[in-house]
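First the structure, in the form of structure tokens, and then the observations on it.
Counting from 1, the numbers follow the sequence of the chain as shown. Small disclaimer: the values here were computed from a predicted structure and weren't measured. FYI, side chains are in, hydrogens and waters are out, and symmetry mates aren't considered; it's all heavy atoms of this structure.
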Amino acid sequence: MEPAPSATSAPADDRAVPLALRRDQAVRAAIGEGLVGDGRQPVAALLDLATVREAARALSAAFAEVSADGQQMLHTFAVKAGSLVPVLRLLDDCGIGAEVASPGELALARAAGVPASRTVLDSPAKTTSELREALDLGIALNADSPEELARLDDLVPRGAMDEHAIGVRINPQIGGGAIDAMSTATATSKFGVALRDGGAREWVVDAYRTRPWLTRLHCHVGSQGMALTDMAAGVRATYELAEEINTGLGRRQITVLDIGGGLPVDFTSDRISPTYADYARVLAAEVPGLFDGRYGLVTEFGRSLLAKAGVIVARVEYAKSAGGRPIAVTHAGAQVAVRTVFAPDAWPIRVAAYDAKGLPKDGPDVTQDVAGPCCFAGDLVAKGRDLPLLAAGDHAALLDTGAYYFSNPFGYNSLPRPGVHGFIAEGDAVRFRTIRAPQTLDDLVAESGGPHRDALL
């Protein structure tokens, strides 16, 4: 872990207008250059690299503002929110490490060159081989259950002290947020040791007493729809438990607190709210001892680092009407926006209308549906949305989709995965860099068992 860097963050409102202008430029350029066109690329994902760097700087600056001089700080990115090697490489260049939750995510982080010292392994279902690999590589890991800790007892050399970065994940059971499926700190959550269950707190204290190599304590209670004060309450419970353990042992055995991530994102506008600075100040007010320098800190933000940077652009293939309501049939549906399609109330996203040349579309708003290409009736990314009327050849842009949307595709109807392109807007010029090439039909066939065509005959 390295000392928290010092930096200054631009106010969120000052970034909103440039973000919108850069997005418009990128959409127009992507269509003009054929990244989205009439061939086999009717949909593409774009990532604003400046916005990613701005978010990384804002995160570092927010915690540096409230932390003690020289306090050890490691910010990591939850790889599940953007599982693309060049994105992880970019974030690593911004000083952001990787929080991984599977062998695949660890492989991506290693391919991106993220050092083991800036990598954290969290998962409720780690295998023995995963645990052994993490220990061998020197990756920090958090045990999720008593049974997992028992496995580590067999893997950590007897007499080991603090040469490994190992902690226990606790669930302070503070309750859920606005989205039940994303709430990790409910009474019955599958994550961590349920701290309020009978005998659980005593078990955790004893686990540290008998294992001097346990030097970290971890929680992750934040999620989309969780209030900052509730997130802070979970961190406070973790801090108080660390204090109790260290005081009871008469030594500073726990030296690092991993407080997770989960900062909510505003999906209703370009505004960044809440900000990292908002959260850091709430933490400083609610848990002042967190920033006095006695503990190293680890964070694991994901969605909030990338969401605002992304836009998915899809051509409108047809425009039709049913029951008097206009429907724009596009090439972006459940295969890129699975959460929005299957849980639209929890995960609504903004849609912007562009014409055939990629210019923002004018005209009066018309209530319409924006549909995807998948063969089921509910494949709608927006229902009853007021937009300038979309026509065949226009483009629908799904905003705030930099996290999760184009990095975690859904394989319905064997639709090829769209290309992902980073962009840099400088003046009137836009330069694109390929993050993930569009999936070809040959790639798709191979992935679907094509090389083993006759295996079942």
Side-chain angles (χ1 to χ4, degrees), residues 43-47 55 77-84 87 99 101-102 104-105 123-124 176-186 189-191 220-226 260-270 272-274 300-314 328-352 369-385 396-418 420 436 439:
V43 59
L46 311 177
L47 189 71
F77 171 68
V79 172
K80 57 184 174 289
S83 48
L84 297 162
V87 172
E99 184 265 341
S102 72
E105 289 183 357
S123 164
I179 304 174
D180 183 66
M182 305 304 295
S183 298
T184 59
T186 61
S189 171
K190 73 176 185 179
F191 293 105
H220 176 85
V221 303
S223 181
Q224 184 69 18
M226 179 72 78
L263 190 72
V265 170
D266 179 0
F267 286 102
T268 67
S269 74
D270 281 338
I272 299 175
S273 178
E300 302 172 353
F301 294 102
R303 180 183 296 108
S304 55
L305 278 164
L306 291 189
K308 292 295 178 186
V311 56
I312 295 174
V313 185
V329 181
T330 80
H331 290 273
Q335 90 278 23
V336 292
V338 60
R339 285 179 175 176
T340 294
V341 168
F342 287 106
D345 293 336
W347 297 101
I349 53 174
R350 296 181 292 152
V351 178
D369 292 349
V370 181
C374 298
C375 289
F376 63 95
D379 186 31
L380 302 171
V381 294
K383 186 174 182 179
R385 192 70 59 85
L398 314 186
L399 309 186
D400 306 326
T401 48
Y404 291 100
Y405 283 82
F406 47 76
S407 59
N408 293 278
F410 178 45
Y412 201 90
N413 282 144
S414 295
L415 291 162
R417 289 189 287 273
V420 182
R436 183 184 70 203
Q439 186 180 35

- prompt: Just by modelled atom types, is the Val341 backbone N or O under 3.5 Å from a matching donor or acceptor in the Asp379 side chain?
  reply: no
task: Write down the atom of Pro274, the atom of Leu263, and the distance for their closest heavy-atom approach.
output: O-CD2, 3.7 Å
- prompt: Less than 4.5 Å apart, any side-chain heavy atom of Pro418 and any of Arg436?
  reply: yes
task: Considering non-hydrogen atoms only, spot the tightest contact between Cys375 and Asn413 and give its length.
output: N-OD1, 2.8 Å
statement: Value for CG (Leu305) from CZ (Phe77), rounded to nearest 0.5 Å, stands at 6.5 Å
message: For Val351 and Leu399: C-alpha separation, side-chain torsions, deciding distance, then whether side chain to side chain contact (heavy atoms under 4.5 Å, CB included) applies.
response: CA-CA 6 Å; Val351 178; Leu399 309 186; over 6 Å; no
query: Checking salt bridge (charged side-chain N to carboxylate O under 4.0 Å, His left out) against Lys80, which of Glu105, Glu99, Glu300 comes through?
result: Glu99
- prompt: Can you name the salt bridge (Lys or Arg N to Asp or Glu O under 4.0 Å) partners of Asp400, sequence neighbours left out?
  reply: Lys308, Arg350
query: Are Phe406 and Leu47 side-chain neighbours, meaning at least one heavy-atom pair lies under 4.5 Å?
result: yes
- prompt: Is any side-chain heavy atom of Val370 closer than 4.5 Å to a side-chain heavy atom of Leu380?
  reply: no
message: Restricting to non-hydrogen atoms, name the atom on Ser304 and the atom on Val265 that form the minimum distance, rounded to 0.1 Å.
response: CA-CG2, 3.7 Å
- request: Identify, with sequence neighbours excluded, every residue that meets side-chain contact (heavy atoms from CB on, under 4.5 Å) alongside Ala332.
  value: Val43, Ile312, Ala314, Thr330, Val336, Leu398
- request: Please answer whether the main-chain N or O of Trp347 pairs with a side-chain N or O of Thr340 as donor and acceptor at a distance below 3.5 Å.
  value: yes
Residues in side-chain contact (heavy atoms from CB on, under 4.5 Å) contact with Ala403, at least two apart in sequence or another chain: Ala81, Arg303, Leu306, Ala307
task: Would you please name every residue forming a side-chain contact (heavy atoms from CB on, under 4.5 Å) with Phe410, sequence neighbours left out?
output: Ala334, Val338, Phe342, Tyr412
- prompt: Looking only at atom types and distance, does a side-chain atom of Gln439 sit under 3.5 Å from a main-chain N or O of Arg417, one as donor and one as acceptor?
  reply: yes
task: Indicate yes or no for a side-chain donor-acceptor contact from His220 to the backbone of Gly261 under 3.5 Å, with no hydrogens or angles considered.
output: yes
message: Run the side-chain hydrogen bond (donor to acceptor under 3.5 Å, both in side chains) test against Ser269 and tell me which residues pass, sequence neighbours left out.
response: Asp266
query: Listed by chain and number, what are the side-chain contact (heavy atoms from CB on, under 4.5 Å) partners of Ser83, not counting sequence neighbours?
result: Val79, Leu108, Ser407, Asn408
- prompt: Are Cys374 and Gln335 close enough that some pair of their side-chain heavy atoms sits under 4.5 Å apart?
  reply: yes
